[in-house]
Every structure is written in C-alpha cells, then in structure tokens.
Protein chains: 2
Amino acid sequence: MAANGGIADDVGFLLSRASGVVARSVNKALAPLGLRVRSYSVLLFACEWTPGITQRQLASVMGLDPSQIVALVDDLEQRDLVTRMPDPADRRNKLITATDEGYQLRDEALRRVEDAHASHFEHLSPAQLDDLRRMLHQIVFADE
Amino acid sequence: MAANGGIADDVGFLLSRASGVVARSVNKALAPLGLRVRSYSVLLFACEWTPGITQRQLASVMGLDPSQIVALVDDLEQRDLVTRMPDPADRRNKLITATDEGYQLRDEALRRVEDAHASHFEHLSPAQLDDLRRMLHQIVFADE
DNA sequence: TATTGTTATACTCTATAACTATA
DNA sequence: TATAGTTATAGAGTATAACAATA
C-alpha cells in the first residue's frame, strides 16, 4: 500500500504533509480577516445551508466532535457573522445561519483562499483536481 | 440543503478531512505499540536512512520545525528504538539511527498501518493510488 | 558569523466524559 | 430514555523566540 520509496511515499504521510502545507497557507491568508481554516469552514457551511445547519450536522460534515463546534460558532456569533436560531420544529436543534456581514466576509475570504490555493495547485490541471477531489471523497467516505 | 461545489468539495477541505480520517485510524492501529503517526514516521526515516538522518533533515522532510523533532527522538531514544550518534564529520549534527529493536518494531508497525490503510483505500486501484501519490507530492513540493 | 540541536512558552487542535434542556 | 448542545479537562500538535555548542 505504501512504501515503494518508503515512508516519504506513503499515502497517509503525503496526505498529512499536503494537508499541513495547504492549511498553513490558508491560515496565513485568512489571518487578516480574523479567521482560521476551521472558522472559515463553519462560516461557509452556514452560508451554504438553507435555512441553516445544526451544530450536529456541522460536526458530522467536518469530522469533528460536537463539543468542538461550540467554540467555533461562539466566535462567529460574537462577531455577528452567524446567528444561532432555535429550530421551531425541534427546540433542541440550533440552526446556524450566516448574517449579511457573514456573507460579505465570506466573499473576501473566498478570494484570499483561492489565491492561496493557486500557488499549491498550479501544477495540476482542472481534470486532475477533479480526480483528486473524487479520490479524497472516497477516502473520507470509504465506509458508506 | 448543501450546495454542490461548496466548501465540502474544496480540495483543501477534503485534504484536511482525508488526512484526519487516515491519521486517526493509524493512531489507533499503532497505539498498542506505543507509537503515534509522528513517532512512527520518525522511526521509519531512521530505519531507511543510512548511515542515519539528522534532526534537521527530519524536520525538513516531515514539514516540522526542528524544535518539534527533539521530543519525538527523545521518546524513541529512551525506548532504545533509535540512537543519537554525533556525526564525526560535523559534531553539530546528530545522526538518528534505528536499533535492532527499532527495526523489529517497525516491521510490526508496518503491518498494522497497512491494515489500517486498506480499509480507507480499498476503493482506489493501484494506478489511482499512484496518481494520488504523484498529485500530493506536487502539492507538497509545488515551489521546487 | 552561521548552523544544529535544545529549551521554553503560548496557542490551537484532539479526545473524552459529564452535565442541561428538550423530545 | 434518547438526542442536541454545552462545559471541562487533559493531551497532542503548531508556531516563535532565544540559547549553547560547534563550525
């Protein structure tokens, strides 16, 4: 599975290295906006889901424990980028929705992340990036 | 509902998710051996490099700061899995080399990691895994 | 002066368990 | 009782700065 050329060619090792390189770069690009890669992802999910995404759904889709979502949403909520609205149908759920400010910050964040990504993905064609996306998706959801 | 082509299909996001899924699984597989994915990588590099790898080289190849290598090597050294030998040619360098015990533990670790990987990569052909390796390598070393 | 390894510190991320409120 | 969110805590990972030994 690994080890044609040893640990340096191990897919798990390369995944970790590539993820680290990109995340570091994205964190730097987002720092002026007061975002990190995690809070950025939460903001985008809040923008994309209508009429909002529950914290449980966020935890599931981000691969995190629900307890880790709390602080991320707290931060965005305190900055008026998202709101926590109790779901009328089930008051245990809290629907996370982006505010107008949230959408505006997302637009700026998307531009910065796209620039950061460009330097890392420039040697890959759009078709290759599609293949890459598909394969990563299969690794993440291998058991479904 | 989620938008398609949104953050869930972002290559950086998928890299982070896939890396997390695999690392979690590998950490669990290595736990009985007292290894984690980081110390496992150090052990493998120590096994593969002749006549040893310096801590600076380890930091470079693993994408870490040299200060982070110290504790990793300390741990392996205290368990007699690797040795720190001053390089006669330049006594600032310390060559990290695996002991016989280190090589033995590596063999067992390799088996466990291969099993852990199998469940995540089973839907990908050997050719696809080669493509994946190549693309990840290009992302990591895009600026070289 | 420059480089290798080291220590120290602060912050972020990860993993678990236990609690509350709603159902 | 079961589920969603929350709090708390300990451990692992990340990022910098400064220092001693060696070149």
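Note on naming: letters A, B, ... go to the chains in the order of the sequence lines (proteins, then strands), and numbering restarts at 1 for each one.
Taking atom CD1 on B:I96 and atom C1' on C:dT4, their separation rounds to 11 Å, with Å as the unit. The distance from atom CD of B:Q57 to atom P of C:dT3 is 15 Å, rounded to the nearest whole Å. For the pair A:N93 CG and C:dA21 C1', the interatomic distance rounds to 12 Å; values are reported in whole Å. The distance between atom CD of A:Q68 and atom C1' of D:dG13, rounded to the nearest whole Å, is 13 Å. Nucleotide D:dA12 holds its P atom 19 Å from the CG atom of B:D65, rounded to whole Å. Rounding to whole angstrom units, CD of residue B:E77 and C1' of C:dT6 are separated by 13 Å. For the pair B:L72 CG and D:dT14 P, the interatomic distance rounds to 10 Å; values are reported in whole Å. When rounded to the nearest whole Å, the span between CG of B:N27 and P of C:dA15 equals 8 Å.
Residue B:I69 is out of contact with every strand shown, counting any heavy-atom pair closer than 4.0 Å.
Residue A:K94 places at least one side-chain N or O under 4.0 Å from the OP1 or OP2 atom of D:dT6. Within the structure, a side-chain polar atom (N or O) of A:R84 is placed less than 4.0 Å from OP1 or OP2 of D:dT6.
Of the candidate nucleotides C:dT6, D:dA23, C:dT22, D:dA23 has the atom lying nearest to any side-chain atom of B:D90. Each of C:dT6, D:dT14, D:dT7 was ranked by its minimum atom distance to the side chain of B:V70; first place goes to C:dT6.
A side-chain hydrogen bond (donor to acceptor under 3.5 Å, both in side chains) with A:Q55 is found for one member of A:R84, A:Q68, A:K94 and no other, namely A:R84. When A:R106, A:E48, A:R79, A:R38 are each tested for a side chain to side chain contact (heavy atoms under 4.5 Å, CB included) with A:L43, only one passes: A:R106.
Toward the 5′ end of DNA chain C lies the nearest nucleotide of A:R38, the other residue of the pair A:A89 and A:R38 mapping further downstream. For the pair A:V37 and B:D74, both in contact range of DNA chain C, the more 5′-proximal nearest nucleotide belongs to B:D74. Nearest-nucleotide assignment on DNA chain D puts the 5′-proximal partner with A:V73, out of A:G20 and A:V73.
The closest donor-acceptor contact from the side chain of A:E108 to the backbone of A:L105 lies at 3.5 Å or more, if one exists at all.
Side-chain atoms of B:R92 come within donor-acceptor range of the base of C:dT3, with a qualifying N/O pair under 3.5 Å. If you check distances only, the side chain of B:T54 never reaches the base of C:dT4 with a donor-acceptor pair under 3.5 Å. Contact annotation: side chain of B:R56 to base of C:dG5, donor-acceptor pair present below 3.5 Å.
Taking the six-membered ring for Trp, B:Y40 and B:F45 have ring centres at least 6.0 Å apart.
Hydrophobic cluster membership is shared by A:V73 and A:M62, with clusters built from Ile, Leu, Val, Met, Phe, Trp and Tyr side chains linked at under 4.5 angstrom.
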